[in-house]
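Reading through the structure tokens given below for one structure.
Labels below follow one simple rule: chain letters A, B, ... track the order of the sequence lines, proteins then strands, and each chain is numbered from 1.
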Number of protein chains: 2
Amino acid sequence: MTVRRRDPPRIEVGLNAVIVAVTDHRPRVLTLPGPDPADPGGGTADLLPYGPLDPGGDRTLDLTLRGWVRAQTRLDLGYVEQLYTFGDRGRLEGGAPDGEVRTLSVAYLALARESGSGSAARARWKEIYAYLPWEDGREGRPDFFDRVLVPRLERWIDAAPNRREREERRDRAAVGFGLYGSDWDGDRVLERYELLYGAGLVQEADRDRRRAGVSCEADPAPLPGRPMGADHRRMLATALGRIRGKIRYRPVVFELLPPRFTLLQLQRVVEALSGVELHKQNFRRLVERGGLVEGTGEVESRTGGRPAELFRFRREVLRERRAPGVGLPGIGSG
Amino acid sequence: MTVRRRDPPRIEVGLNAVIVAVTDHRPRVLTLPGPDPADPGGGTADLLPYGPLDPGGDRTLDLTLRGWVRAQTRLDLGYVEQLYTFGDRGRLEGGAPDGEVRTLSVAYLALARESGSGSAARARWKEIYAYLPWEDGREGRPDFFDRVLVPRLERWIDAAPNRREREERRDRAAVGFGLYGSDWDGDRVLERYELLYGAGLVQEADRDRRRAGVSCEADPAPLPGRPMGADHRRMLATALGRIRGKIRYRPVVFELLPPRFTLLQLQRVVEALSGVELHKQNFRRLVERGGLVEGTGEVESRTGGRPAELFRFRREVLRERRAPGVGLPGIGSG
DNA sequence: CCTGATATACTCAATTTGAGTATAAGCGAG
DNA sequence: CTCGCTTATACTCAAATTGAGTATATCAGG
């Protein structure tokens with residue numbers, strides 16, 4: 001299948017970081033502009049911080065990641081978690097002759113507090129929902145959802161070559177996007193992105209097909225949602241899905257908040273990430289009863305109304321019960 | 001494990017599969033005997049199926065994995081999921097001079113039905129709890145838990161060099177093993193293994209220290225729990241933890257069951273994996289009300305008592321609501 | 001001392017959980 | 001055939017949790 005020449009083909013390993021912060025009720029991700037390795041045309045694109053793994057370097061992958069994130073962005077990462085290793089061939093070995101090099105990308109999720117200083121060099125905080133706009137349901141489904149996205153999906157479904165395939169497409173769309181009676185499941189971020197990619201509805205799909213030499217009509221009006229270079233948008237989707245899942249059963253939100261915060265701030269961060277709005281009183285009951293937070297006596301008076309008490313995360317909770325996270329509604333197993 | 005010399009240090013990538021099945025209420029993992037790459041002494045050890053990644057080979061990592069699992073074990077994998085990529089330096093480059101080669105292992109979880117034919121070649125199904133005996137709490141904490149494990153942990157805690165470190169050790173032990181008032185959290189399998197490794201209570205820890213040239217008294221009476229080669233026991237722990245977490249919110253158990261099964265069979269599989277016993281009537285209520293299964297008219301009469309109805313998994317559930325898995329008790333977010 | 005905010009407390013019905021009891025339906029011994 | 005054992009399945013009931021409100025508190029500003 002592949003042509004081997006001299007020396008066996010090499011493997012290169014890169015580390016990618018999806019660094020997430022939330023400011024002003026908006027989840028953001030740290031990006032760098034750069035040439036898109038998957039685009040032979042050579043435009044620039046938004047990229048996640050990326051660095052090669054030096055085989056002789058640090059002892060652990062984590063350390064390597066932290067190291068050059070610091071170098072590229074002057075940011076000291078706190079919470080870091082491995083996400084997924086992407087290794088499909090032909091993903092981004094743009095220039096190299098086939099079989100010469102294989103690139104593996106180990107993607108990490110990191111949570112940060114968006115310190116002002118964090119954006120050294122050319123790093124920029126960008127809104128996550130600029131890349132994945134269909135994921136933000138806080139004010140109901142975004143406008144374009146029923147107007148553009150669903151019709152496009154349906155065109156794709158109908159274009160299936162046979163009945164079986166058509167039914168499968170319909171099922172995937174139903175489950176992923178909560179259509180035809182299925183519920184919306186906030187965690188299926190990656191599934192949705194993959195579906196849109198497979199249906200040719202994101203720009204990366206066009207780009208990759210063009211690179212592979214497949215002719216295809218350029219999409220007349222691309223779906224809202226900014227593309228990224230390489231398969232970084234896929235990584236972003238993976239990260240958002242992971243956060244949404246994790247936030248419920250491990251108290252990770254606090255990594256994104258200052259040491260003291262009001263309950264509404266906490267709620268806004270949870271809402272921002274999970275993409276849904278929550279019932280304020282019940283949310284308060286949940287985090288208080290769960291023992292996740294404890295009041296400091298202080299109050300924050302810049303609320304515009306009655307001043308709110310400042311709370312802090314009760315670290316002890318990690319030692320006590322099952323450290324429940326900030327459970328969203330409708331989670332139970334029924 | 002080939003030794004390459006000449007030229008910059010290389011990266012090699014291996015794929016490992018943790019292939020899990022459940023028979024007779026016992027969770028099992030497929031192993032191969034082999035020389036332990038981490039043991040210079042050269043004894044043989046239980047290993048997970050392992051294969052190098054050929055950079056020019058299959059298009060995706062999944063495919064590669066499936067390919068040589070088939071070759072090594074004659075098993076066609078169904079459900080496969082990426083687990084984690086292990087990349088610490090010095091993990092298992094046993095013989096190679098430092099800096100010459102760096103090995104990454106991408107570990108996968110696979111669920112199988114333990115077909116009799118599956119154990120071709122030298123593959124063997126082994127009980128998972130033979131390797132991780134502290135994880136099986138179905139009949140209460142195993143005997144050795146309070147008699148051996150906890151005292152050993154306490155010795156380790158007390159041996160901390162200073163107060164701060166001592167408190168941290170105590171906390172980790174409390175959270176991991178449900179001591180001193182903390183609850184047992186079945187999902188923290190990896191945390192527990194790492195803790196035991198760090199405390200020098202599993203044989204791999206001794207082995208690795210010896211290899212690194214650190215002198216250490218051989219542990220007088222090692223903890224129950226069979227070691228594995230390389231860091232495969234760590235991978236097994238990762239896999240079990242993932243299964244336990246996932247079983248609750250995605251209907252993956254059915255991958256381990258025959259197409260038709262009684263509700264008690266289903267329950268036993270869930271219990272086997274999660275390591276706890278469940279209330280039978282409530283379990284039944286849960287899966288039936290959740291619409292996860294539907295009765296076929298048939299009955300299974302070899303139960304020893306009243307014949308049980310045979311059920312089948314309702315695939316449609318994947319399309320409907322949030323496909324809830326077989327929720328264990330005490331999961332809600334309080 | 002209103003009005004408009006937001007914060008926080010409390011209520012209440014519906015649902016879900018945890019832990020049982022009760023009954024059904026097979027088998028084998030006697 | 002019936003008793004006693006076993007497992008299956010149905011039903012009950014209190015406790016806890018959830019979902020959706022209403023009520024009250026406390027600030028800023030006119």
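Protein atom CD of A:Glu309 is 6 Å distant from nucleotide atom P of C:dT8, rounded to whole Å. Residue A:Leu278 contributes atom CG, which lies 11 Å from atom P of D:dA20 at whole-angstrom precision. One can place CZ of A:Arg248 at 16 Å from C1' of D:dT18, the figure rounded to the nearest angstrom. If you measure from atom CZ of B:Phe261 to atom P of D:dT7, you get 20 Å, rounded to the nearest angstrom. Taking atom CZ of residue A:Phe283 and atom P of nucleotide D:dT18, one finds them 13 Å apart after rounding to whole Å. In this structure, A:Leu264 atom CG and C:dT8 atom P are separated by 9 Å, rounded to whole Å. Distance CG (B:Asn282) to C1' (C:dG20): 9 Å, rounded to an integer number of Å. Regarding A:Leu286, its CG atom lies at a distance of 6 Å from the P atom of D:dT18, rounded to whole Å.
Side-chain N/O atoms of A:Lys280 include one lying less than 4.0 angstrom from OP1 or OP2 on C:dA7. Contact between the side-chain N/O atoms of B:Arg306 and the OP1/OP2 oxygens of D:dC5 is not found at any separation under 4.0 Å. Remark: B:Arg284 is in phosphate contact with D:dT9, judged by side-chain N or O atoms under 4.0 Å from OP1 or OP2.
Here the two rings, on B:Phe261 and B:Phe254, have centers that are under 6.0 Å apart.
Of the residues near DNA chain D, A:Gly305 and B:Glu288, the one whose nearest nucleotide (by heavy atom distance) lies more toward the 5' end is B:Glu288.
Seen from the ring of B:Trp184, B:Arg192 counts as a face-on cation partner, given the 6.0 Å and 45° thresholds. Annotation: cation-pi pair A:Arg170/A:Tyr180 present, NZ/CZ under 6.0 Å from the ring centroid and within 45° of its normal. Both tests do not hold together for A:Arg147 against A:Phe144: distance to the six-membered ring centre under 6.0 Å, angle to the ring axis within 45°.
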Would A:Arg248 and A:Asp187 satisfy salt bridge (Lys or Arg N to Asp or Glu O under 4.0 Å), going step by step from the backbone distance to the final call?
CA-CA 11 Å; A:Arg248 276 202 297 274; A:Asp187 292 6; 2.6 Å; yes
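Side-chain proximity of B:His279 to C:dA19, D:dT9, C:dT17: nearest is C:dA19. With C:dA7, C:dG26, D:dC27 as the candidates, the nucleotide lying closest to the side chain of A:Pro307 is D:dC27.
Remark: the B:Arg285 side chain and the C:dG18 base include a donor-acceptor N/O pair separated by less than 3.5 Å. The base of C:dT21 sits within donor-acceptor range of the side chain of B:Gln281, with an N or O pair under 3.5 Å.
Counting any heavy atom pair closer than 4.0 Å across all strands shown, A:Leu263 reaches no nucleic acid atom.
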